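Just below is one structure, and these are the notes that go with it.
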Number of protein chains: 2
Amino acid sequence: MDHLTHLKTAGLKSTLPRLKVLNLFGNGNERHLSAEDVYKKLLASGDDVGLATVYRVLTQFEQAGLLIRHHFEGDKSVFELNEGKHHDHIVCLQCGRIEEFYDATIESRQKKAAADRGYSVHDHSLYIYADCIKPKCPNRL
Amino acid sequence: MDHLTHLKTAGLKSTLPRLKVLNLFGNGNERHLSAEDVYKKLLASGDDVGLATVYRVLTQFEQAGLLIRHHFEGDKSVFELNEGKHHDHIVCLQCGRIEEFYDATIESRQKKAAADRGYSVHDHSLYIYADCIKPKCPNRL
DNA sequence: ATGCAAATGAGAATGATTACCATTACCGGC
DNA sequence: GCCGGTAATGGTAATCATTCTCATTTGCAT
């Protein structure tokens, strides 16, 4: 399903700002972007979108299931493209790098923990805050 | 270790506002409180503390390890007394109830996930967002 | 008791996000 | 391909949580 179809499916008009934002997430090298990030990247590429629009569009995309919103430590929301495969995140406190991982055992234990206590799960978030210790971390300890 | 000792250990003067806040968490029925919650509760009990002080004190206590800060969905921070036993949280999206749980398997799988990828873990947060379906939920579905 | 550094509190300032509203851009029907 | 209505945009003001500033007060060691 391409971007245009995505928007239609979500009942959203196919407008320039929305396509630009989707593109950013679609082909970008960085998967995890805040509203401010998106705004600045669009400005940098000469695309002129208002900050208010960026916030609106991100929220709409989240509600439409196109994006996933994260609340890492800190104040601002971060978004990533929803590609259907749930995963959790490791955030490097030194360089900000975000690594994704999936552990079937963790997933099933979570479901069980909630079910055992009589809860019907909507979703869940697991963030591990850590330091890169491999060469890849520019601020490595 | 009592409250006074706690403060001393943390290198914090034993002042009235600080003791009042500690008391709130110590004997309160609700373990999870936001800054605004704390402020309102103190006002309600006739104790007159400034909002700025509440924020300051909560942050100091967090740094001293007396409190743990959580970022549930939504914008505001929530604090709970650190009683040494790590646990994760299930948050009811209907009534706001917060239930704590601990799963050793989840913990160890998390450690492994991070270690396998070359990370040195600081801490982690696992929140399950769900609906109470037991009689206990006032807004039960 | 005394003094001084640390803590407090009121209100201003900040940063992220949302609301308002006048202007503009989609999209279906002619 | 043009028109109109409606939804979308964007600039700015407003809001919300949180932090900063700074004059005043308090805890605590002497």
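In the text below, chain A, chain B and the rest are named by the order of the sequence lines, each starting its count at 1. Quick caveat: nothing in here was measured; it's all calculated off a predicted structure.
Rounded to whole angstrom, the span from the CZ atom of B:R56 across to the C1' atom of C:dA7 amounts to 7 Å. Summarising the geometry, the separation between CG on B:D48 and P on D:dT25 is reported as 14 Å, rounded to the nearest angstrom. D:dT19 atom C1' lies 10 Å from atom CG of B:L51, rounded to whole Å. Atom-to-atom, NZ of B:K76 to C1' of D:dT19 comes out at 17 Å; the value is rounded to the nearest Å. Atom OH in A:Y39 sits about 16 Å away from atom P in C:dT18, given to the nearest Å. Here the C1' atom of nucleotide C:dT18 and the CD atom of A:Q63 are 13 Å apart, to the nearest Å. Summarising the geometry, the separation between CD on B:E36 and C1' on D:dT15 is reported as 13 Å, rounded to the nearest angstrom. One interatomic measurement links the two molecules: CG of A:D37 to C1' of C:dT17, which rounds to 15 Å at whole-angstrom precision.
Under 4.0 angstrom from either OP1 or OP2 of D:dA8 there lies at least one side-chain N or O belonging to A:R18. Here B:Y55 does not reach the OP1 or OP2 of D:dT19: none of its side-chain N or O atoms lies under 4.0 Å away. Between A:S77 and C:dT17, a side-chain N or O to OP1/OP2 separation shorter than 4.0 Å is present.
When each of B:R69 and A:G50 is assigned the nucleotide of DNA chain D with its nearest heavy atom, A:G50 is the one assigned upstream, toward the 5' end. DNA chain C is contacted by both B:A52 and B:K13; B:K13 maps to the nucleotide lying nearer its 5′ end (nearest heavy atom per residue). The 5' end of DNA chain D is approached more closely, in terms of each residue's nearest nucleotide, by A:T15 than by the other of A:T15 and B:L12.
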Requested in this report: Would you sort out whether A:H86 and A:H124 count as a ring-ring contact (aromatic ring centres under 6.0 Å, His included), showing the intermediate values?
Outcome: CA-CA 10 Å; A:H86 167 78; A:H124 53 86; 4.7 Å; yes
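A:V78 and A:V54 fall into different hydrophobic clusters, where Ile, Leu, Val, Met, Phe, Trp and Tyr side chains are chained together by heavy-atom contacts under 4.5 Å.
Interatomic distance, CG of A:L33 versus NZ of A:K40, reported as 12.0 Å (0.5 Å rounding).
Of the candidate nucleotides C:dC27, C:dG9, C:dT18, C:dC27 has the atom nearest to the side chain of A:S14.
The distance between the ring centers of A:H71 and A:Y127 does not fall below 6.0 angstrom.
Between A:Y119 and B:E99, the side chains place a donor N or O and an acceptor N or O closer than 3.5 Å (distance only, hydrogens not considered).
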